[in-house]
Amino acid sequence: SLLLALLAGIAAGVAIGLLLGYFHLKLKADLILAAIAMNMFASGITIFLLFLFTGDKGSTSSLRSLVFPEVNIPILKSIPVLGEILSGHNLLTYCAILAVILYYIIIFRTPLGLRIRAVGQNPHAAESVGINVNRIKLWALALSGFFGALGGLYLSMGYVSWFSRDMTAGRGFIAIAAATLGNNMPMGTFLSSLLFGLVNAFAIYIASLNVPSELIQMIPYVVTVIALMIFSLRLQMVKTKGKKGKGEVKALHIEEQEIK
């Protein structure tokens, strides 16, 4: 059942997020180290469960696997060029677009989103007005597990029809880079994801040319590093301008006091 598969995948993603929250918030483990440990745990536990249920440690390619269907949008599919671009994609591809809208609504149109932004900007200030900081952080981790699960479901039940160990192949780290470049905002992250998707598509396209495969495989990651460098430089420039601006305001204030 595709519905059961969807619910199981989402439940697994949320459970991982909540478990990370338990380690970080309850046991006071460092968030980065706990996330790395959870990543290694997830890699190992999936292979263990795969061997437990199938006796195979490689992949599930020998088993019958359901995949989410492709969706042909009426009228739009008949439009030349544009129809091929926007119609006929996997159901979860359209869910990804809807997820951007859902994320925007949660963060900017709900009390929970307001609390998440408040805790993210200044947890001490949020706590001073009665917000349960740990509970909000747990909600944020659960939501991240929910959205991340959709990506995992697409990889194994949309992009391909089987599961294998470490099949994400570093895509999760590229997703972190996309969120960073997009300043963790819905539209910014969406556009950054499109950029990395375009680069990945370009790498697939030139694979048919006489280009070393190692060079092709490194293209998305090189672009990720370059993009993060540009983002860091831009952020540093903004901070420098901000400090100069504060200094100018302070100087004007002092000058005003002297005049008085």
Side-chain angles (χ1 to χ4, degrees), residues 1-10 13-14 61 65-110 113 143-164 167-209 211 216-224 226-228 230-231:
S1 172
L2 284 176
L3 179 60
L4 288 178
L6 177 66
L7 294 176
I10 291 175
V14 172
S61 57
S65 178
L66 298 175
V67 294
F68 288 94
E70 294 182 350
V71 177
N72 290 305
I73 303 175
I75 302 177
L76 186 62
K77 67 179 181 180
S78 303
I79 301 176
V81 182
L82 190 63
E84 295 181 1
I85 296 174
L86 300 179
S87 181
H89 295 287
N90 188 274
L91 175 63
L92 290 177
T93 302
Y94 299 106
C95 287
I97 299 174
L98 293 176
V100 177
I101 302 173
L102 178 61
Y103 173 57
Y104 175 84
I105 293 173
I106 292 174
I107 295 299
F108 293 103
R109 292 291 184 268
T110 66
L143 286 172
S144 69
F146 168 78
F147 288 115
L150 294 177
L153 283 166
Y154 172 74
L155 275 181
S156 59
M157 299 185 67
Y159 187 66
V160 294
S161 60
W162 43 265
F163 169 83
S164 67
M167 66 183 302
T168 54
R171 290 182 179 88
F173 295 104
I174 293 180
I176 294 174
T180 302
L181 288 175
N183 200 27
N184 296 317
M185 292 291 103
M187 186 53 64
T189 303
F190 175 65
L191 294 176
S192 299
S193 300
L194 288 181
L195 170 64
F196 289 121
L198 181 64
V199 171
N200 190 60
F202 173 73
I204 295 173
Y205 172 75
I206 66 172
S208 59
L209 306 178
V211 180
I216 295 172
Q217 292 172 1
M218 68 182 286
I219 288 176
Y221 306 100
V222 170
V223 172
T224 302
I226 294 173
L228 286 176
I230 294 174
F231 174 80

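- Here the side chain of Thr168 pairs no donor or acceptor atom with the backbone of Arg171 at under 3.5 angstrom.
- Between Val160 and Val67 the shortest side-chain heavy-atom distance does not fall below 4.5 Å.
- When every heavy atom of Ser192 is checked against every heavy atom of Gly182, the shortest pair comes out as OG-N, 3.5 Å.
- Atom CG of residue Leu91 and atom CG of residue Leu2 lie 8.5 Å apart, to the nearest 0.5 angstrom.
- To the nearest 0.5 Å, atoms CD1 (Ile176) and CG (Asn184) are separated by 10.5 Å.
- Put simply, the side chain of Val222 reaches to within 4.5 Å of the side chain of Ile226, judged on heavy atoms.
- Around the CD1 atom of Ile75, the shell of radius 6.0 Å holds no more than 12 heavy atoms that belong to other residues, nucleotides or ligands.
- Taking every heavy atom of both residues into account, Leu153 and Leu92 meet most closely at C-CD1, 3.7 Å.
- At least one side-chain heavy atom of Pro186 sits under 4.5 Å from a side-chain heavy atom of Phe108.
- Closest approach of Leu66 to Met157, counting heavy atoms only: O-CE, 3.3 Å.
- When all heavy atoms are compared, the tightest approach of Tyr103 to Met185 is CE2-C, 4.1 Å.
- Using a 4.5 Å heavy-atom threshold, the side chains of Phe146 and Leu102 count as touching.
- Between Thr189 atom OG1 and Leu194 atom CG the span is 11.0 Å, to the nearest 0.5 Å.
- Between Phe196 and Leu181, the closest heavy-atom pair is CZ-CD1, 3.6 Å.
- Under the side chain to side chain donor-acceptor pair (under 3.5 Å) criterion, no residue pair touches residues 79-98, with sequence neighbours excluded.
- The heavy-atom pair separating Ala149 from Ile10 by the smallest distance is CB-CA, 3.7 Å.
- In this structure a side-chain-to-backbone donor-acceptor pair under 3.5 Å is missing from Ser161 to Ser65.
- Within the model, atoms CG of Leu3 and CG of Leu7 stand 4.5 Å from one another, a figure rounded to the nearest 0.5 Å.
- Atom OH of Tyr159 has 12 or fewer neighbouring heavy atoms from other residues, nucleotides or ligands inside a 6.0 Å radius.
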